[in-house]
Amino acid sequence: MKRFLITAILAVLTSQTAAATTLEDIQKRWAEVNYTLQDDAQEKAFEALLAQAKQWVQAEPNNAEAYIWQGIVQSTYAGAKGGLGALGLAKDARASLEKALALQPDALQGSAYASLGTLYFKVPGWPLGFGDDDKAKELLEKALEFNPNGIDPNYFYADYLYEQRDYLRAQQFAEKALAAPARPERPLADAERRKEVEALYAKIRKKVR
């Protein structure tokens, strides 16, 4: 019995370590693909990364983090692909993120809410797509409840508010994004996201002066 318990504990720890490694690997590769590659090279790399994310989901079908990152890869791949072919990927991303929310809404500090909200904001509305600004607002605000100081949810919400012409509030959330604590495990993603926030902040400042 004792040996069985030790074996079971080791199996759980091994599984957790593997999941952590997969998460770190996909996060790192996503940043490289999203920020350092372009055009055909980027599309091919996203295709390969999506295959890796799908393998993770298949291996751990109850892991919300796996579905979140499958959704993130699908949505950014859609952005890189563009055109009508991107809509199918966007729909797949919505399904992945909704599955993550069904499994564990607070996974990765509510990242599924942030990514799903951005999808509803960026995807065209009916009849072409499923975009919905009201739904986007609801999801992005929910993301901030889970991660009020994070760079991503504050940037996404600032971008949303800018497009809604709510420039003063957009400035507030852009400033919060710029003040967000660093994520030591994601240096490239942080550096590039900060550049995006700075570019958005510069646009906002032109509107509020």
Checking the side chain of [X] only, and the main-chain atoms of [Y] only, is there a donor and an acceptor separated by less than 3.5 Å?
X	Y	result
Thr76	Val73	yes
Tyr155	Lys176	no
Asp39	Ala41	no

task: Tell me yes or no: between the side chains of Glu43 and Tyr77, is some donor less than 3.5 Å from an acceptor?
output: no

field: Short side-chain donor-acceptor distance under 3.5 Å, Gln42 and Asp40
entry: no

field: Pairs touching residues 117-127 that satisfy salt bridge (charged side-chain N to carboxylate O under 4.0 Å, His left out), sequence neighbours left out
entry: Lys122-Asp159

message: Parallel, tilted or perpendicular: which one describes the rings of Tyr113 and Phe146, with boundaries at 30° and 60°?
response: parallel

- request: Give the C-alpha distance, both sets of side-chain angles, the deciding distance and a yes or no for side-chain hydrogen bond (donor to acceptor under 3.5 Å, both in side chains) between Gln52 and Trp56.
  value: CA-CA 6 Å; Gln52 183 181 350; Trp56 185 19; over 6 Å; no

Is the closest basic N to carboxylate O distance between [X] and [Y] below 4.0 Å?
X	Y	answer
Arg169	Asp166	yes
Glu138	Lys142	no
Glu196	Arg193	yes
Glu47	Lys44	no

query: Step by step, would you call Trp69 with Trp30 a ring-ring contact (aromatic ring centres under 6.0 Å, His included)?
result: CA-CA 9 Å; Trp69 271 96; Trp30 175 85; 5.6 Å; yes

task: Verify salt bridge (Lys or Arg N to Asp or Glu O under 4.0 Å) between Arg183 and Asp152, making sure each step is shown before the conclusion.
output: CA-CA 11 Å; Arg183 297 173 292 186; Asp152 286 343; 3.2 Å; yes

message: If hydrophobic residues (ILVMFWY) are linked whenever their side-chain heavy atoms come closer than 4.5 Å, directly or via other members, who joins Tyr67 in its cluster?
response: Val57, Leu103

